[in-house]
Amino acid sequence: MDAAKDPNPSCKLHTRLRLWEFADRYIFEPIDGLADLYLSVSRAGGSMNLVEELPPRSPSTNPKVQTVYGVIGVLKLAVGSYFFVVTDRDCVGSYLGHAIFKVTGLKVLRCNDSLNTSSEQKKMESEISELLDAAEKTMGLYFSYDINLTLNSQRLYDVDDEFKSRPLWRQAEPRFLWNSYLLEPLIENKLDQYLLPVIQGSFQNIQAEVGSEKVNVTLIARRCTGRIGTRMWRRGADPEGYAANFVESEQIMQSKGYTASYVQVRGSMPFLWEQIVDLTYKPSFDLVRQEEAPSVLERHFKDLQKKYGAVLAVDLVNTQGGEGRLHERYAKSIEPILSEDVRYVHFDFHRICGHVHFERLSQLYEQIEDYLKKHKYFLLNEKGEKIQEQLGVVRNNCIDCLDRTNVTQSMIARRILESQLQQIEVFGVNDTITKYPAFDASYKVLWANHGDAISIQYSGTPALKGDFVRYGKRSARGILNDLQYSLARYYLNNFADGTKQDAMDLLQGRYITSVSRDMAPPTKAGFVESYASARLAFALVSGAFMFMMMSLRHARHDARHLLLSLLWAGLCIGITHFVRSNGRVFTNRPRAHKSSHP
């Protein structure tokens, strides 16, 4: 493109664009005063070029017009090109003085008008359209027009001015750049002003008053794209060491001119294992290529050390059952690399804390307190000078790295925040956050929302045990919510997440169409099998369970209700036995499979 030679590498991103939808092209008109050229995109095949003026308009053309707030990227496929644009945004706070926006509206512009309409073409287009519809519903996307949101505060402070002068997409940390693959066509066309880096995760902020001082706390989650996916479809690590549900959580405190930051990470146990959905409530854990576990784990931890320094691995899984097998493999595989810089602590969360005694996490804190104090946190004084830096990271995991993990991370973050406020003399030497009820309440909600956001992206529901994080104690309502969320996860894992996983793989450039996806799965002939439906089975199990619980409430006073509850329990067991034996026939399995990082 001729005009592509002109842009300055340090040019600012377009913040508002007028989108014109003509019959043969899309035109993006900057309306923020940053450029005079328009971006023209062919609706026939997605080719791009910069133009100086809009096409002629007349009453017969009547193009649709709307304001958009950025181009997230372009997906190029055999069935055409697809542009992803931000149609709505919310300002959710600021990161080191720069506005941060959440994507609240996402739209796909199709550019495939020139392609033939054969039956095969229509079939492929229908399949892709289903995935694009799911992609438009992607949750938790955040961006900034001015600052690199993919880097935490300490890493951002350490980069030089030359690095900061580069276009934002060139500054981005590849692990956390959610739209890295989608940006490639725009990069090839040197459209720096349209290259909007996006992260997936969470951005929360609270303000509190402590005496005469104001305290601002920001909590950011950055999801790694290396092994991105949904709960049951992405477990463990891939051969390159990228762990499923790997999220960096950064807590930033600002008060009295000081800025402090503390980073933790979470991620699935970093060796090869899986949990294939089969309509059972808790499918078995399968260890894959066990002989490779030490090398995969070592690769993962070397990468963590390179980025964060020392690593303390906190393993929260059970010591019994299937989780116990994973714990044993983790402990055995990490043993050869344990050192001053790599530590491993196991804490059986469920055995020690049960379902209500989460205050017993203080036992874990006692085990890791020396590590936290030794490796410190990042701190800038009133002049913006670095006083100290964080020298190591805590890596938390349970099975999902959601519920137990979020409770644990919130405990660690609270202790760190109290240390920071004590150091800058906002708190007294022995003060804690609980001394200030309003601050304490908003801080709990901050971490509860953080956990919910991460959980919704991975499992489809808010986090379990959220009532403890949100209110500081377990409640009957919270336990009932956990039951509801658990049933919802069961449904989503079995009947919805396959398509969602395909959509994620498509946007990351890892979608591979299975050659056998059109083959009918083997089933037994028979009346029940012919009419069995996975969704119906789920509904029956849920209904039976609900009626069983209702009957049990009255069972103490009426023997008939006790008998009824036992009958419902039998129905639950019967249906469960059926779906266990027929599970893999009905589950919504992804059509795409690629475990390794591209």
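Keep in mind that this is a model prediction, so the values were computed, not measured.
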Check whether any side-chain N or O of [X] sits under 3.5 Å from a backbone N or O of [Y] as a donor-acceptor pair, and report yes or no.
{"X": "Asn179", "Y": "Val198", "value": "yes"}
{"X": "Glu418", "Y": "Ile433", "value": "yes"}
{"X": "Asp90", "Y": "Val92", "value": "no"}
{"X": "Arg415", "Y": "Tyr365", "value": "no"}
{"X": "Gln254", "Y": "Thr259", "value": "no"}
{"X": "Gln457", "Y": "Ala453", "value": "yes"}
{"X": "Arg234", "Y": "Ala244", "value": "no"}
{"X": "Gln204", "Y": "Trp447", "value": "no"}
{"X": "Ser180", "Y": "Pro174", "value": "no"}
{"X": "Asn318", "Y": "Gln320", "value": "no"}

Quiz item: Looking at Tyr145 versus Tyr69, is the centre-to-centre ring distance below 6.0 Å?
Solution: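 Aromatic pair excluded; centres sit 6.0 Å or further apart.
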For [X], is the [atom1] atom crowded, meaning more than 12 foreign heavy atoms sit under 6.0 Å from it?
{"X": "Gln388", "atom1": "CD", "result": "yes"}
{"X": "Asp160", "atom1": "CG", "result": "yes"}
{"X": "Glu382", "atom1": "CD", "result": "yes"}
{"X": "Lys332", "atom1": "NZ", "result": "no"}
{"X": "Lys102", "atom1": "NZ", "result": "no"}

Quiz item: Hey, mind stepping through Asn245 and Arg235 against side-chain hydrogen bond (donor to acceptor under 3.5 Å, both in side chains) and telling me if it holds?
Solution: CA-CA 8 Å; Asn245 198 25; Arg235 294 295 208 188; over 6 Å; no
Exercise. Could you please spell out the steps behind the side-chain contact (heavy atoms from CB on, under 4.5 Å) verdict for Leu312 and His375?
Key: CA-CA 10 Å; Leu312 170 62; His375 294 92; over 6 Å; no
Kindly assign one of parallel, tilted or perpendicular to the pair [X] and [Y], based on the angle between their ring planes and the thresholds 30° and 60°.
{"X": "Phe246", "Y": "His300", "value": "perpendicular"}
{"X": "Tyr281", "Y": "Tyr490", "value": "parallel"}
{"X": "Tyr344", "Y": "His346", "value": "parallel"}

Check residues 213-222 and write down every donor-acceptor pair under 3.5 Å in which the side-chain atom is one partner and the other belongs to a residue at least two apart or another chain.
residue	atom	partner	partner atom	Å
Asn216	OD1	Asn205	ND2	2.8
Asn216	OD1	Thr218	OG1	3.4
Thr218	OG1	Asn205	ND2	2.7
Arg222	NE	Leu149	O	2.8
Arg222	NH1	Glu248	OE2	2.9
Arg222	NH1	Glu250	OE1	3.1
Arg222	NH2	Tyr95	OH	3.4
Arg222	NH2	Leu151	O	3.2
Arg222	NH2	Glu250	OE1	3.0

Side chains of [X] and [Y]: is there a donor and an acceptor less than 3.5 Å apart?
{"X": "Asn148", "Y": "Thr150", "value": "yes"}
{"X": "Tyr242", "Y": "Asp303", "value": "no"}
{"X": "Tyr258", "Y": "Glu425", "value": "no"}
{"X": "Gln264", "Y": "Ser249", "value": "no"}

Quiz item: Which atom names give the shortest non-hydrogen contact between Leu379 and Ala260, and what distance separates them?
Solution: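 Answer, listing the atom of Leu379 first, then Ala260: CD1-CB, 3.7 Å.
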Exercise. Provide the closest heavy-atom pair for Pro197 versus Leu13 in the form atom of the first, atom of the second, distance.
Key: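 Nearest heavy atoms, Pro197 then Leu13: CD-CD1, 4.1 Å.
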Quiz item: Any side-chain heavy atom of Ile454 sitting closer than 4.5 Å to one from Arg223?
Solution: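 They are in side-chain contact.
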Exercise. Determine whether Trp178 and Gln508 make a side-chain contact, defined as any pair of heavy atoms from C-beta on separated by less than 4.5 Å.
Key: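 A side-chain contact under 4.5 Å exists here.
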Quiz item: Are Arg351 and Glu323 ion-paired here, with the side-chain N under 4.0 Å from a carboxylate O?
Solution: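 No, no charged N to carboxylate O under 4.0 Å.
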Quiz item: Do the charged groups of Asp440 and Arg414 touch, with an N to O distance under 4.0 Å?
Solution: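 Salt bridge: yes.
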Measure the spacing between [atom1] of [X] and [atom2] of [Y] and express it to the nearest 0.5 Å.
{"X": "Leu492", "Y": "Met232", "atom1": "CG", "atom2": "CE", "value": "11.0 Å"}
{"X": "Arg299", "Y": "Leu297", "atom1": "CZ", "atom2": "CG", "value": "10.5 Å"}
{"X": "Thr461", "Y": "Leu487", "atom1": "OG1", "atom2": "CG", "value": "10.5 Å"}
{"X": "Leu464", "Y": "Ser455", "atom1": "CG", "atom2": "OG", "value": "6.5 Å"}

Practice problem: Identify which one of Thr405, Thr408, Asp315 satisfies the side-chain hydrogen bond (donor to acceptor under 3.5 Å, both in side chains) criterion when paired with Asn397. | Solution: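 One option only clears the test, and that one is Asp315.
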Quiz item: Between Arg343 and Tyr371, is NZ or CZ placed under 6.0 angstrom from the six-membered ring centre and within 45° of the ring axis?
Solution: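 Checked: cation-pi criterion not met.
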